[in-house]
Each structure stands twice: as C-alpha cells, then as structure tokens.
**Q** 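Got a structure for you, written out below as structure tokens; questions coming shortly.
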Amino acid sequence: MITASHNPVSDNGVKIADPDGGMMVQRWEPFADALANAPDSEHLLHLVDRFVEEENIPIGGVQSAEVLLGRDTRPSGVALLEAAKHGINAIIGAVAIDMGVLTTPQLHWMVRSRNKGMGASESDYLAQLSKSFRCLMNLVPRERITDSLDTELVVDGANGVGGGKLEQLKKTVTGLDISVKNTGKNGEGVLNESCGADYVQKEKVVPSGFGPDDVGIRCASLDGDADRLVYFLIPSASSKNIDLIDGDKILSLFAVFIKEQLDVLYKDSDSNNKPPVRLGIVQTAYANGASTAYLKRLGLEVVFTPTGVKYLHKKAAEYDIGIYFEANGHGTVLFSENFLSGLECRSNELASASSGSKQHKAALRLLAVSQLINQAVGDALSGLLLVEAVLQYMGWSIRRWNELYQDLPSRQLKVKVADQNAVVTANAETQVVKPSGLQELIDAESGKHPHGRCFIRPSGTEDIIRVYAEASMQEAADSLARSVALLVDRVLGSGNSHQ
Ligand SMILES: CC(=O)N[C@H]1[C@@H](OP(=O)(O)O)O[C@H](CO)[C@@H](O)[C@@H]1O
Ligand SMILES: [Mg+2]
C-alpha cells in the first residue's frame with residue numbers, strides 16, 4: 001500500500017500487508033529497513049538474495065506469487081506504484097496486481113479475502129459493509145426507534161481517499177444522513193492540512209471546512225488513508241475548540257454494546273461462574289485513565305501493550321473477542337474463528353428453537369458486527385458504520401455518548417536527547433528501567449498531583465523521547481509534563497526542545 005497516512009501530502013511511503021491481511025510480521029522488519037536503506041542496486045540485489053535464502057522462499061518455482069498493490073491519492077503515488085510493479089515483476093513467478101486508489105484497510109481486507117477464497121473486489125467490500133450494517137439497523141429494538149433519533153452525520157475526509165469512498169458507500173446505506181466534507185475533489189483542499197483525524201485529535205480544534213452550520217451535529221474525521229477515525233462535536237458557533245470523542249471512547253462504545261449482547265446471549269449459561277466467552281480490551285499507556293477506569297467498572301478485562309497497532313492487534317487476537325484502539329482512533333474488534341463458528345451454531349439452534357427471541361437477535365448482532373468491522377486491520381469506514389449502528393441501537397446522541405466518562409486532562413511533550421535508546425521501558429512502556437533511578441524521580445513528580453500519572457518512552461517514529469502526563473486538572477497535567485521533561489533533559493542530556 002503506497003501511502004504516508006496522516007502525514008503531509010509531500011511525504012510518501014509503504015505499508016505492507018501479510019498474506020492473512022494483517023500487518024507484516026515483525027520478524028521481517030529488519031529486512032524491510034535494510035532494503036529501504038540499501039545504498040545502490042547491487043546491495044539491494046544482494047540483500048534480496050540473502051533474504052530469499054535465509055527465509056527459504058521458493059522463487060521461480062511452479063508456485064506463483066500475487067502481490068496486490070494499492071495507493072492513496074498522493075500525486076507521487078502514481079510513479080511509486082509503477083516502480084513497485086517493476087520491482088515485483090522482476091521476480092520470476094511474481095505478479096503485481098494493481099487494485100487502484102484505495103484506503104489502506106480496503107487493501108488489507110482484499111488480501112485477507114482473496115487468500116480465504118472469497119470475493120475480494122472493491123464492490124465485494126462495499127457490499128459486505130452495507131449488508132452487515134443493514135442487518136444491524138434492522139435489529140435495532142422497535143421501542144428504541146423514535147422520531148428524535150439523530151441520523152445526521154458530517155464527515156471530514158481529510159482531503160484524502162476516504163471521503164470519496166464514503167460517498168460511494170453512502171449510496172448503498174440507508175437510515176443515515178451522511179454528508180462528506182474535505183473530499184479533496186477537484187483540487188480543493190490539501191491532504192491532511194488543517195483537517196483529518198490526526199489534526200483533530202492532536203489540536204482539538206475545528207477542522208477546515210467546518211463552521212457554524214455544524215454546531216451540535218455529530219461530526220467525524222478520517223485520516224489520509226482512512227485507517228483512523230475520531231468523532232467530535234462543535235459546542236458553539238463562537239468556539240474554536242471541539243469536544244473530542246477519541247479512539248478510547250469509540251472503544252468504550254463498542255465494549256458496552258458487545259458486552260450487552262454477550263450478557264443477553266449467555267444469560268442462562270451455567271458455567272460455574274466462569275464466563276463462557278473471553279472478551280478482552282486492549283489499550284496502550286496513552287489511553288486516557290478515565291477510559292480504563294470506566295471499562296474496569298463495567299467488569300471488563302483490560303490489558304496493555306506497547307504503543308503501535310502491531311502490538312495491540314496481536315494481543316487482541318488472543319481473545320474470543322478482542323477490542324483494541326489507540327487514542328488516536330486506530331483500532332478494530334477481532335473475533336476468533338473458533339468463537340465465530342460456535343456463534344453460528346448457537347444462532348442456528350436459536351433460529352429453530354426461538355427465532356426472533358432476544359437471544360437469537362443478540363447472536364445475529366454479534367455475527368453482523370464480525371462481518372462489518374474489518375478483521376484485518378483498523379478501518380475508519382467500517383468503524384464509522386459500526387459507531388452509527390450502535391448509537392442507533394442505544395438511542396444515544398453524540399452528547400450522551402460523550403458523557404460515558406469525562407476525560408482526565410492530559411499533556412504530551414517531546415524531548416530531544418542525545419540518544420533516545422538510552423531509555424529502556426517495561427510493563428507496556430509505563431515504567432523506565434534504564435537509566436536507573438529515573439522512574440523514582442517520575443513517581444515523585446506524579447505523586448504531587450491528584451490522579452497524577454506520567455510516563456516517558458522513546459518514540460518509534462521520531463528521534464525523541466515522548467512525555468505523557470495526566471492529572472485531574474489541566475494545569476497540573478501541564479506542570480507534571482513540564483517537570484518530567486526537565487528531568488529527562490537533565491538525566492539524558494543535550495535536550496533543548498519541549499513542544
Ligand atoms: C503517541 C502517539 O500518538 N504515537 C503514535 C506514533 O508512534 P510513536 O512510537 O509514539 O512515534 O505513531 C504510530 C504510527 O502511526 C502510532 O501508532 C502511535 O500511536
Ligand atoms: Mg493512517
């Protein structure tokens with residue numbers, strides 16, 4: 001997939017999907033790094049030869065390898081896609097298949113579907129989403145359908161690929177009144193500039209293209225390759241700031257809904273108090289503390305992994321149903337094959353014994369969710385339809401959803417240090433183990449503020465140390481972040497910029 005996601009239009013890069021549609025295995029990352037940094041074609045060929053040998057890859061045999069390619073709307077994508085085709089076709093037995101301009105999650109979905117022997121075209125993708133969405137909407141309890149149900153939604157497409165795809169999807173979806181802004185069509189607006197999920201989540205301000213007309217209406221933002229989704233609300237016409245409904249709150253909404261269906265489905269089960277289904281919630285240290293507390297109050301199992309969806313996804317796949325999200329809006333709900341086949345049997349039994357019963361409907365809803373939400377990777381379009389279906393089911397406005405819990409104020413800072421690798425962390429990046437003594441100093445600072453929580457970690461995408469602080473008041477979160485940034489600066493040296 002040729003994309004640079006939420007980054008400026010002048011950037012570009014690649015995301016690589018594995019044959020199962022998930023992200024590339026981590027074991028191959030060093031090879032990808034070496035390839036990208038090869039100084040010339042001779043080194044490049046040598047690296048490929050060595051890798052083929054080490055990994056025992058059958059090249060030029062009877063088996064052919066198909067590589068699906070897609071790109072986002074960046075102008076540089078055209079030439080890069082041609083280059084990728086040449087590279088792939090240079091390998092005997094390998095065939096490049098250009099799937100066109102796509103969202104990143106669409107391409108992951110296509111790889112997964114194709115290797116499962118199922119329909120894998122774009123129209124198959126759109127048809128599966130609209131069919132499962134319709135199914136969920138048909139299962140909204142009648143008593144919850146009122147005239148006041150809020151069906152209006154305005155979506156910020158980040159001037160990227162997602163807006164146009166949503167316009168296509170919208171034609172096949174009934175029951176929602178969706179309008180799309182920042183579609184990037186006709187050269188209007190620059191990709192990810194003052195708009196999109198990354199901008200909205202980080203800046204917490206009204207994105208370009210939105211204004212007084214959108215006050216009080218449910219709004220959502222996609223990022224440039226449509227694998228991130230956040231919602232927001234413009235509280236008043238004079239307000240520059242928005243009320244952000246981030247990945248943590250999307251996760252919480254999904255968790256409430258899925259838990260409710262499981263409770264109905266298994267309410268009569270006599271499994272010695274042991275829940276028959278393992279439902280796991282996966283977060284990172286950046287998840288707002290109020291979201292974690294809320295999820296735990298619901299009695300859910302919450303676990304933490306290091307930052308990066310590759311870790312969250314892997315952990316979530318260990319459960320019957322695993323829900324993961326980063327606060328930035330990247331996440332999905334995973335269903336194990338084993339659980340799904342059991343659920344299908346149960347649904348069939350219920351269909352013959354008590355068709356239309358509450359239990360039968362709960363089973364049908366869960367099956368529809370597994371069809372709707374992308375099983376390969378976080379997907380803003382399928383996530384958006386699931387949010388919409390769940391809000392209709394609950395009969396909730398965006399305000400009611402936002403009130404599930406109140407975010408604790410937080411602050412993030414970056415510190416430039418001489419060597420970011422000098423910081424080594426443990427416990428899903430919440431504790432510093434090296435340099436020794438630093439964690440105790442951070443703990444002492446956190447202890448000075450009510451609900452104070454702070455951690456530092458080396459960024460995986462920038463050469464900096466990130467500081468995250470949270471407390472019950474914004475001033476306290478700001479002050480905690482600042483003092484810990486100064487500590488990092490003092491202990492690790494040559495720091496000069498806190499942003
Ligand atoms: C605090 C933060 O937002 N970190 C981001 C950022 O990773 P860092 O390792 O923090 O640079 O980029 C990742 C890739 O887009 C994303 O998954 C992650 O959430
Ligand atoms: Mg993205």
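Hydrogens, waters and symmetry mates play no part in the numbers below; they use all other heavy atoms, side chains included. Atoms within a ligand are numbered from 1 in the order they appear, just like the ligands themselves.
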**Q** Among all protein heavy atoms in this structure, tell me which lies nearest to atom 2 (C) of ligand 1, with the distance rounded to 0.1 Å.
**A** Arg466 NE, 4.4 Å
**Q** Do any nitrogen or oxygen atoms of Gly460 lie less than 3.5 angstrom from nitrogen or oxygen atoms of ligand 1?
**A** yes
**Q** Which donor-acceptor pairs under 3.5 Å do side chains of residues 77-87 form with protein atoms, sequence neighbours excluded?
**A**
from  : atom 1 : to    : atom 2 : distance (Å)
Glu82 : OE2    : Lys85 : NZ     : 3.1

**Q** After noting the C-alpha distance and the side-chain angles of Asp214 and Lys181, does the key distance pass the salt bridge (charged side-chain N to carboxylate O under 4.0 Å, His left out) rule?
**A** CA-CA 11 Å; Asp214 307 304; Lys181 295 191 180 189; 2.8 Å; yes
**Q** Look at the side chain of Lys249 and the backbone N and O of Trp401, then say whether any donor-acceptor pair between them is shorter than 3.5 Å.
**A** no
**Q** I need the protein N, O or S atoms closer than 2.8 Å to the Mg ion (ligand 2), given as residue plus atom name.
**A** Ser5 OG, Asp223 OD2, Asp225 OD1, Asp227 OD1
**Q** Before giving the answer on salt bridge (charged side-chain N to carboxylate O under 4.0 Å, His left out), spell out for Glu470 and Arg411 the whole-Å C-alpha distance, their side-chain angles and the decisive distance to 0.1 Å.
**A** CA-CA 6 Å; Glu470 204 173 79; Arg411 175 64 57 206; over 6 Å; no
**Q** Just jot down the salt bridge (charged side-chain N to carboxylate O under 4.0 Å, His left out) partners of Asp20, sequence neighbours excluded, or say none.
**A** none
**Q** Looking only at distances, please establish whether an N/O atom of ligand 1 is found under 3.5 Å from an N/O atom of Tyr286.
**A** no
**Q** In ligand 1, which numbered atoms sit nearer than 4.0 Å to a non-hydrogen atom of Arg457?
**A** 8 (P), 9 (O), 10 (O)
**Q** Among Lys414, Lys202, Arg228, Glu326, which one puts a heavy atom closest to atom 15 (O) of ligand 1?
**A** Arg228
**Q** Has Gln201 got any heavy atom lying under 4.0 angstrom from an atom of ligand 1?
**A** no
**Q** Name the one of Phe325, Phe455, Phe304 that satisfies ring pair (Phe, Tyr, Trp, His ring centres under 6.0 Å) with Tyr286?
**A** Phe455
**Q** Test the Arg400-Trp396 pair against the cation-pi criterion, namely NZ or CZ under 6.0 angstrom from the six-membered ring centroid and within 45° of the ring axis.
**A** yes
**Q** Would you mind checking if Glu152 and Arg218 are paired as a salt bridge, meaning a charged N to carboxylate O distance below 4.0 Å?
**A** no
**Q** Looking only at protein heavy atoms, which one is nearest to atom 3 (O) of ligand 1, and what is the separation?
**A** Asn328 ND2, 4.2 Å
**Q** Angle class for the Phe339/Phe335 ring planes (parallel below 30°, perpendicular above 60°, tilted otherwise)?
**A** parallel
**Q** Over all heavy atoms of both residues, which pair between Asn159 and Glu188 is shortest? Give the atoms and the distance, please.
**A** OD1-O, 3.4 Å
**Q** Checking contacts here: is it the side chain or the backbone of Thr284 that comes within 4.0 Å of ligand 1, counting heavy atoms only? Could be both or neither.
**A** neither
**Q** For ligand 1, which atoms, with element, lie under 4.0 Å from some heavy atom of Gln412?
**A** 1 (C)
**Q** Heavy atom of His330 under 4.0 Å from ligand 1?
**A** no
**Q** Please report which non-hydrogen protein atom sits nearest to atom 11 (O) of ligand 1, along with the residue it belongs to and the distance in Å to one decimal place.
**A** Thr461 OG1, 2.4 Å
**Q** Checking contacts here: is it the side chain or the backbone of Thr307 that comes within 4.0 Å of ligand 1, counting heavy atoms only? Could be both or neither.
**A** side chain
**Q** Salt bridge (charged side-chain N to carboxylate O under 4.0 Å, His left out) with Asp156: which residues, sequence neighbours excluded?
**A** none
**Q** Please check if atom CD in Glu55 has more than 12 non-hydrogen atoms from other residues, nucleotides or ligands closer than 6.0 Å.
**A** yes
